[in-house]
Amino acid sequence: MKKSFFYLIALTSLVFSCGTTEKQTPGYTFDISFTEDVSAMPKDGRLLLMLSTDDSAEPRFQINDGLNTQLIFGINVDGMSPGKSVKIDETVFGFPYASLAEIPIGEYNVQALLHVYETFDLATGQTVKLPMDNGEGQQWRSSPGNLYSTPFKIRVGSNGIENVSVVMDRIIPPIPEPEDTEWIKHVKIKSEKLSEFWGRDMYLGAHVLLPKGFEEHPEAKYPLMVFHGHFPDDFGGFRTTPPDPNLKPDYSARFDMEGYNIVQQQEAYDFYKRWNDPDFPRFIIIEIQHPTPYYDDSYAVNSASQGPYGDAITYELIPYIEKEFRGMGEGWSRFLYGGSTGGWEALAVQVKYPEEYNGCFAACPDPIDFRAYCLTNIYEDENAYYYDSEHKQLEVPAHRDYLGNIQSTVREGNHLELVLGDKSRSGQQWDIWEATYSPQGDDGYPVRIWDKMTGEIDHAVAAYWKENYDLRHILERDWDKLGDNLKGKIHIYCGDMDNYYLNNAVYLMEDFLESTTEPYYDGEVLYGDRAEHCWNGDPEEPNAISRLRYNSMYVPKIMKRIMESAPKGADLTSWRYK
C-alpha cells in the first residue's frame, strides 16, 4: 500500500511537470561581422542578409521584386568595427517575407553584404551618409569596396535558426577604367558646380564616339548627339569586327530569343559599317556618366537633394567635349535621345534648356505626367499601394508583360527598396524619382512622396513635384514662354503595352501637345501596337532589334530638323564630307 502510494505521487508529479513545461520559442538570429583583412577601419552602411533556395548563383545576384526573387533583410550600421558582430533577427524588416520568423522550413544558401556609406557635408548645411559610386554605376551587388561573405548552407527547422555566424571576409575589387581606341575616347572632368554642392570633388564623364575622318578633316566641326540613359561602362553598340565565330549562343528571356548575344554583336558591327558609309552624316555621339550617391545617373536635371546636375552637364561637360572634339558648340547643333530613364531625361533636358538643344527623341519615357505616375495619380489618389475600396484590398500592379500578366506590385517594389536602404538610399527606381523630384528634408535627405510602409501619399510633396518636374504640367503652364523655342523639337515614342504602364502618361502628354496653338508643337507622338518597354519608334522591327539601333535610327529626322532650323550662315558643309 505504501509503495503504491509513493508511485502514484511520483507519476502525478511527472505529469504535472510535463504539463506545465513552456514550449520553446523558435529563434532567428544571425551574427554578422567582417574581418580586419578586408577593413581595419570601422564602416558605415547598409548591412544586408540574403537567403536563397536557388544554387545557380550567389544570393546577392538573385534579389529583385519579380516572381523569382530570393530573400533579403537589411539594417543600417554606423561605425561597424572589424571583428564585432551585428545581429539580424526576426525584428528586422525583410522582403518578400517581412520577418525571418516567416520563412519556410528548408535549406538555404546564406550571404551577407555591407553596402558602404560615406559622409557628405552638403553646401545646404546638412550632413548625410550615402553610397559613393565607385565606377560601377551604383550597383550594391558589385560596388567596389563593398564587403561580402562566401555563401554557405544552413537549415531552417521547426525550431527556427540556431545562432549562425556570417563573416564577411571578401571585398569587391576596383573596376579598370576603359581604354581609348581609334574611335572611342573617354572624358572625365571635375565639376565645380557639383563639387561645391556635395562638399567634395565630384566628377562627370562621357564616352565619345568620333566620326569617320576626324583626324583627316581638322577643318570640320560637328553636330552633337547626346544619348541619355543608365550608367554606361563604355560606349555600347559599336563594334569594328564581325561577331565572334566562337561565341556560344545565349538565351534572352526578355525577348524569348536564342543567340541574342550574337544578334547584339552583329547589330554593333552593322552600326560601325553605317557609321563609315560615305553618305552617313558626320556627328559626335556621347554617352554620359553622371552617377550620383542616389542612383546610376542623376536624371540630368537640377534637384534639391542631388544638386545642379542639369547645369553641370549642359554648361560644364558638354562645352568641354565640344571644345576638345571640335563640336559646333551651338544649340541648333545639339540633339537628345534615349529610352526609359533616358527618354525622360531627353525630354526633361529639352524642356528645361529649350534653347541649348534642337530636338529630343524620347522613347518609353519614365512618367512625364504625374497624374499617371505609372498607375498612380499622385494628386488625387490617397494611397499608392492599394486601389480605393471600402470593402476589399487590391494592390496596384507595377510590372506586366504584353498580355497583361502581372509580375510585381508597387508595394512589393517599394518594400524591397526599404530593405535595401531607408531615406531614399536603395539605389532603385522609386527612390531615385523621389531623390530627383522631392524637396530636401531637414535631415538632408529627400522628403518622401508617400509613406514607404503604407503607401499613404503626401499631397504637399506631390504639389512640389508638380511645379518642378511634372513635364506635361510645366509645358502647359509655360507654353506661352516655351512654345516658340520647342516647336518641332518634341518627339515621343511608346509601346501601348509598356511593362511599367508608361504609355498612360504619354497619352496625357499627347492630349496637351495636340491642343497647342500659337505655336502648335509640330512634333510627333507614336505608339507601338502591343509593344513592351522600350519601344522607340520603329514599326518594322521588334524591340529586341530596334533597341540596338538608337544611334542611327533618328539621324534622318535630325538631318531634316537641321536643314529646316539651322540659322543663317550656319556651317552645314564642313562635316558632310564623304
Side-chain angles (χ1 to χ4, degrees), residues 299 301 336-352 354 357 359-381 384 387-388 396-398 400 402 404 410 433 437 449 457 459 462-539 554 557 561:
Y299 272 65
V301 293
L336 306 153
Y337 61 101
S340 193
T341 290
W344 190 92
E345 289 171 330
L347 181 58
V349 170
Q350 183 66 78
V351 171
K352 297 281 187 177
Y357 301 92
C360 70
F361 300 85
C364 51
D366 288 0
I368 53 179
D369 184 322
F370 296 154
R371 293 174 297 172
Y373 185 57
C374 298
L375 288 177
T376 299
N377 182 332
I378 66 171
Y379 311 126
E380 296 183 5
D381 293 344
Y387 289 105
D388 185 32
V396 177
R400 63 179 174 180
Y402 78 101
V410 176
W433 285 334
Y437 308 147
I449 182 64
I457 296 171
H459 291 107
Y464 180 92
W465 284 32
K466 182 176 184 178
E467 295 305 316
N468 291 278
Y469 299 102
D470 184 322
L471 299 182
R472 188 276 316 161
H473 170 74
I474 291 170
L475 285 173
E476 188 168 357
R477 180 192 67 197
D478 298 337
W479 190 250
D480 59 336
K481 305 181 190 71
L482 295 172
D484 288 336
N485 285 323
L486 292 177
K487 180 181 179 181
K489 295 183 179 182
I490 296 175
H491 310 79
I492 305 173
Y493 312 99
C494 196
D496 63 13
M497 285 298 291
D498 187 277
N499 303 103
Y500 305 99
Y501 307 92
L502 300 176
N503 49 301
N504 292 358
V506 176
Y507 298 145
L508 297 174
M509 175 66 84
E510 182 186 25
D511 289 343
F512 163 70
L513 291 174
E514 289 297 337
S515 74
T516 56
T517 58
E518 299 181 1
Y520 174 63
Y521 88 106
D522 199 25
E524 66 178 354
V525 180
L526 299 177
Y527 303 95
D529 179 38
R530 289 177 292 178
E532 295 182 298
H533 194 71
C534 188
W535 189 78
N536 59 6
D538 186 344
Y554 302 127
K557 294 178 181 181
R561 175 68 186 166

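Counting begins at 1 with the first residue of the sequence.
Residues Val506 and Asp498 form no side-chain contact, since every pair of their non-hydrogen atoms from C-beta on lies 4.5 Å or further apart. Here the side chains of Glu524 and Tyr493 are in contact, with some heavy-atom distance below 4.5 Å. Residues Tyr469 and Phe370 form a side-chain contact, since some pair of their non-hydrogen atoms from C-beta on lies under 4.5 Å apart. Looking only at side-chain heavy atoms (C-beta outward), Glu467 and Arg477 come within less than 4.5 Å of each other. Two residues are said to be in side-chain contact when any heavy atoms from C-beta on lie closer than 4.5 Å; Leu375 and Val410 fail this criterion. Residues Asp470 and Tyr379 form a side-chain contact, since some pair of their non-hydrogen atoms from C-beta on lies under 4.5 Å apart. Residues Asp381 and Val396 fail the side-chain proximity criterion, which asks for heavy atoms closer than 4.5 Å.
In this structure, the side chain of Asn503 engages the main chain of Asp496 through a donor-acceptor pair within 3.5 Å. Of the possible polar contacts, one joining the Trp535 side chain to the Asp538 backbone as a donor-acceptor pair under 3.5 Å is found. Side-chain atoms of Glu532 come within 3.5 Å of backbone atoms of Tyr402 as a donor-acceptor pair (strictly under, hydrogens ignored). A donor-acceptor distance shorter than 3.5 angstrom exists from the side chain of Lys489 to the backbone of Tyr357, with no hydrogens or angles considered. Judged by distance alone, with hydrogens and angles left aside, the side-chain atoms of Trp479 form a donor-acceptor pair with the main-chain N or O of Pro519 at under 3.5 Å.
For Cys360, there are no disulfide (SG to SG under 2.5 Å) partners at least two apart in sequence or on another chain. Remark: Cys364 pairs with Cys534 by the disulfide (SG to SG under 2.5 Å) rule, at least two apart or across chains. Not counting sequence neighbours, Arg530 has no partner by the side-chain hydrogen bond (donor to acceptor under 3.5 Å, both in side chains) test.
Below 30°, between 30° and 60°, or above 60°: for Tyr437 and Trp344 the angle between ring planes is between 30° and 60°, a tilted geometry. Between His533 and Tyr500, the two ring planes are perpendicular [angle over 60°; tilted spans 30° to 60°]. Between Tyr527 and Tyr507, the ring planes lie tilted relative to each other; the angle falls in the 30° to 60° range.
We find the CZ-NZ distance between Arg371 and Lys466 to be 8.0 Å, quoted to the nearest 0.5 Å. For the atom pair Asp480 CG and Thr516 OG1, the distance stands at 12.5 Å (nearest 0.5 Å). Distance check: Ile449 CD1 to Ile378 CD1 gives 4.5 Å after rounding to the nearest 0.5 Å. With values rounded to the nearest 0.5 angstrom, Asn377 atom CG is found 11.5 Å from Asn504 atom CG. Atom CG of Leu471 is separated from atom CG of Leu508 by 12.5 Å, given to the nearest 0.5 angstrom. In this structure, CG on Asn536 lies 14.0 Å from NE2 on His491, to the nearest 0.5 angstrom.
Residue-environment remark: CG (Asp388) stays at or below the threshold of 12 foreign heavy atoms within 6.0 Å. No more than 12 heavy atoms of other residues, nucleotides or ligands shown are found within 6.0 angstrom of NZ on Lys487. Other residues, nucleotides and ligands contribute more than 12 heavy atoms inside 6.0 Å of the CD atom of Glu514. Other residues, nucleotides and ligands contribute more than 12 heavy atoms inside 6.0 Å of the OH atom of Tyr464.
The two residues Pro367 and Ala372 come nearest to each other via the heavy atoms CB-O, 3.8 Å. Nearest heavy atoms, Asn468 versus Lys352: O-NZ, 2.6 Å. When every heavy atom of Asn485 is checked against every heavy atom of Lys481, the shortest pair comes out as ND2-O, 4.4 Å.
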- request: Applying side chain to side chain contact (heavy atoms under 4.5 Å, CB included), run through Asp511 and Arg472 and close with a yes or a no.
  value: CA-CA 10 Å; Asp511 289 343; Arg472 188 276 316 161; over 6 Å; no

message: For Ile490 and Met509: C-alpha separation, side-chain torsions, deciding distance, then whether side chain to side chain contact (heavy atoms under 4.5 Å, CB included) applies.
response: CA-CA 11 Å; Ile490 296 175; Met509 175 66 84; over 6 Å; no

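Donor-acceptor pairing under 3.5 Å is recorded for the side chains of Asp366 and Tyr299.
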